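Here the structure is laid out as structure tokens; the discussion comes afterwards.
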Amino acid sequence: MSKKFYITTAIAYTSRKPHIGNTYEIILTDAIARYRRLVGDDVFFLTGTDEHGQKIEEYANAAGITPQKYVDSVAGEIRGIWDLMNTSYDKFIRTTDDYHVKAVQKIFKKLYDQGDIYKSEYEGLYCTPCESFFTETQLVDGKCPDCGREVTKTREEAYFFKMSKYADKLMKYIEENPDFIHPESRKNEMINNFLKPGLQDLCVSRTSFKWGVPVTFDDNHVIYVWIDALSNYITALGYDPDGSGELYNKYWPADVHIIGKDILRFHTIYWPIMLMALGEPLPKQVFGHPWLLAGNDKMSKSKGNVIYADDLADYFGVDGVRYYVLSEMPYAQDGNITYETIIARYNSDLANTLGNLVNRTIAMSNKYFGGIVENKNVCEGSDDELKNEALSCVKEVDSLMEQFHVADSLEAILSLARRSNKYIDETMPWALAKDESKEDRLKTVLYNLTESIRFIAVLIAPFLPQTAEEILSQLGNPVSTYESLSSFGKIENGHKVGEAKIIFSRIDTDKKLEEIAADIDKKYGKKEESKKIEGLAQIGIEDFAKVELRVASIKACEPIKKAKKLLKLTLNDGEGERQVCSGIAPWYSPEDLIGKKIVLVANLKPAKLCDEESCGMILAADVSENDVKVLFIDPSIPDGSRIR
């Protein structure tokens, strides 16, 4: 009977298109899921998208569309990239799915009814990109400890979850289940940095935005991201506090959550405590993988170092991308990606080692024996070495994959390919072919090589599925089950291999880098060429003339209670006073603005923002991903002056 294996990724946030660092997680999880299927487990592989929150509401408003339409677009893009990378998920959950919303509302109500959630008021420091609250002592250099961005002081009514009630129980669970958090360094971090100092109660609802799952018994509140997002692991299986379905009873608890190290706290502290409060089993293991860095930096649009998976697939093929990210990432330390290192590894491992081995072996089998493979058992010492290497590779990969050492598993398979290439050098088939008396020895050598390549193809399938399929096709589709790797010699005598085709062509480094640079320039523009306008939507002078820009002075300014991001400005535009609402509260206080001269879009259609009328817009610059600067004007310029 097959063993069940439930594996999940963290669900991707639908704020922006995911870069290769985000995409690494789905590829990693797919490799593990495919391997478990290969060895015979009954696998359920879940991924999906996290679609609620303040940041998404802000992005949608800026784009002039509804939040639902915004997340529909980004979720579709994410799923498209997951599919492009050939990932074999069984279910793709969206937190806007009706069944998930209803289940989350029931979970929240259950926790409230049993006294684990209570209503109070929150005052603290909030990071919008991370959707997280922090205390002053948790900040690093006054900024968010997770992403390094600015935080804002926030005060609002909220519901809270009693984390401290379950802290001792969680600590005991972690101590009694040493494999719960991996790697070991991550476990120590959670215990020493969060559990031992004492857990604060967790804010689990918000009133300052509306894009979220509504609290059924309090219309002013939406359920905060972590109860909403984390619950996906059980709602996707049909969990219901009133009685769960067959899928949940079969697969829960999860065998492993695969997540980024930056959200480990939420998955190893908040999530287990929620499950304890619900009376449900905890996941067996949480694996916090490291980051894939661009050069030596975390990828960021503001730094201009973002690399996308679909672009890489265009340059190196899907399996070229999969191989690099899976082989490059160490078990516990951050990995690194540059175009130069991708090309170097592609050439050395895929083209020179693996591709060359397959091409030479199939070509020689066709050249010398019309593609017919036959074992004549004319053996020498190097034969046993190759056979033993193949059999030990199976055991080594199995042991490594039990601990999610994916990069080491790939290295073990590549080592078998290197040993096979060495076997060619040792046996010199081209020399054997010149001596008719060595025909049976030549047949034995080519049989052993073909069988060794079969081992490689079967073992590499979870990591490079398209490549494995192509290799097996060139081998003439011999038996390719995991069970067939129990002994060396499963290819039947008289088996015919297919035609030799190049799987991985060696890349000319300089030429490829030039092609990539030209493609990036065409798609995104050169970051250093700020004057470049290629790719922008161009307008005529008549279009620009429709926009009336005036100098105005700020006479009064105050915050808007219902919106933490908005300030209400009273402006003198040279013809009188007007009111404008601007989303600059995270960067400016009212006293910073009063008396300053700004640029006003004077003929913008009036709009209602949080029940306040806004008649115009002031101009500001996006300095970085989370920094905005208002454009202040020379104070000597009179109010009402036209800007042309």
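The shown structure was predicted, so the numbers you read here are calculated from the model rather than taken from an experiment. Hydrogens, waters and symmetry mates are skipped; everything else that's a heavy atom, side chains included, is used.
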(Q) Applying the side-chain hydrogen bond (donor to acceptor under 3.5 Å, both in side chains) criterion to Arg94, which one of Asp50, Thr14, Asp72 satisfies it? (A) Asp72
Between [Y] and [X], do the side chains contain a donor N or O and an acceptor N or O under 3.5 Å apart?
{"X": "Tyr423", "Y": "Asn448", "value": "yes"}
{"X": "Thr96", "Y": "Glu51", "value": "yes"}
{"X": "Tyr315", "Y": "Asp519", "value": "yes"}
{"X": "Tyr524", "Y": "Asp311", "value": "yes"}
{"X": "Ser88", "Y": "Asp30", "value": "yes"}
{"X": "Thr29", "Y": "Thr9", "value": "no"}
{"X": "Arg345", "Y": "Ser327", "value": "yes"}
{"X": "Thr235", "Y": "His100", "value": "yes"}

More than 12 heavy atoms of other residues, nucleotides or ligands under 6.0 Å from [atom1] of [X]: yes or no?
{"X": "Lys395", "atom1": "NZ", "result": "no"}
{"X": "Lys422", "atom1": "NZ", "result": "no"}
{"X": "Gln466", "atom1": "CD", "result": "yes"}
{"X": "Glu483", "atom1": "CD", "result": "yes"}
{"X": "Lys91", "atom1": "NZ", "result": "yes"}
{"X": "Leu84", "atom1": "CG", "result": "yes"}

Q | Atom of Ala31, atom of Met401 and distance for their closest heavy-atom approach | A | O-CE, 4.2 Å
May I ask you to say whether [X] pairs ionically with [Y], meaning some side-chain N is under 4.0 Å from a carboxylate O?
{"X": "Asp334", "Y": "Lys261", "value": "yes"}
{"X": "Asp383", "Y": "Lys387", "value": "no"}
{"X": "Lys501", "Y": "Glu470", "value": "no"}
{"X": "Arg419", "Y": "Glu389", "value": "no"}
{"X": "Glu439", "Y": "Lys376", "value": "no"}

Q: Among residues two or more places apart or on two chains, list those pairs meeting side chain to side chain donor-acceptor pair (under 3.5 Å) that have a residue in residues 508-517.
A: none
Supply the atom-to-atom distance [X] [atom1] to [Y] [atom2], rounded to the nearest 0.5 angstrom.
{"X": "Leu464", "Y": "Leu354", "atom1": "CG", "atom2": "CG", "answer": "7.5 Å"}
{"X": "Phe44", "Y": "Asp255", "atom1": "CZ", "atom2": "CG", "answer": "13.0 Å"}
{"X": "Asp384", "Y": "Leu391", "atom1": "CG", "atom2": "CG", "answer": "10.5 Å"}
{"X": "Gln474", "Y": "Asn366", "atom1": "CD", "atom2": "CG", "answer": "9.5 Å"}

Determine the interplanar angle of the [X] and [Y] rings, folded into 0 to 90°, and report it as parallel if under 30°, tilted if 30 to 60°, perpendicular if over 60°.
{"X": "Tyr239", "Y": "Tyr248", "result": "tilted"}
{"X": "His257", "Y": "Trp252", "result": "tilted"}
{"X": "Tyr482", "Y": "Tyr35", "result": "perpendicular"}

Q | ring pair (Phe, Tyr, Trp, His ring centres under 6.0 Å) between His19 and Tyr308, intermediate numbers included | A | CA-CA 4 Å; His19 54 62; Tyr308 295 108; 7.4 Å; no
Is there side-chain contact between [X] and [Y], with at least one heavy-atom pair below 4.5 Å?
{"X": "Tyr323", "Y": "Leu414", "result": "yes"}
{"X": "Phe404", "Y": "Gln285", "result": "yes"}
{"X": "Ile259", "Y": "Thr8", "result": "no"}
{"X": "Tyr24", "Y": "Glu328", "result": "no"}
{"X": "Ile424", "Y": "Leu357", "result": "yes"}
{"X": "Leu275", "Y": "Trp271", "result": "yes"}

**Q.** Chi angles and distances behind the side-chain contact (heavy atoms from CB on, under 4.5 Å) call for His289, Ile258
**A.** CA-CA 7 Å; His289 65 75; Ile258 305 294; 3.9 Å; yes
Q: Start with the C-alpha gap between Ile491 and Arg454, add the side-chain angles, then the distance that decides, and say whether side-chain contact (heavy atoms from CB on, under 4.5 Å) holds.
A: CA-CA 9 Å; Ile491 295 179; Arg454 185 182 72 86; 3.8 Å; yes
(Q) List the residues meeting side-chain hydrogen bond (donor to acceptor under 3.5 Å, both in side chains) with Thr467, not counting sequence neighbours, and say none if there are none. (A) Asp319
Q: Start with the C-alpha distance between Phe455 and Phe488, add both sets of side-chain angles, then the distance that settles ring pair (Phe, Tyr, Trp, His ring centres under 6.0 Å), and finish with yes or no.
A: CA-CA 9 Å; Phe455 268 67; Phe488 193 94; 5.6 Å; yes
**Q.** With Tyr6, the side chain to side chain contact (heavy atoms under 4.5 Å, CB included) member among Val43, Asp41, Leu237
**A.** Leu237
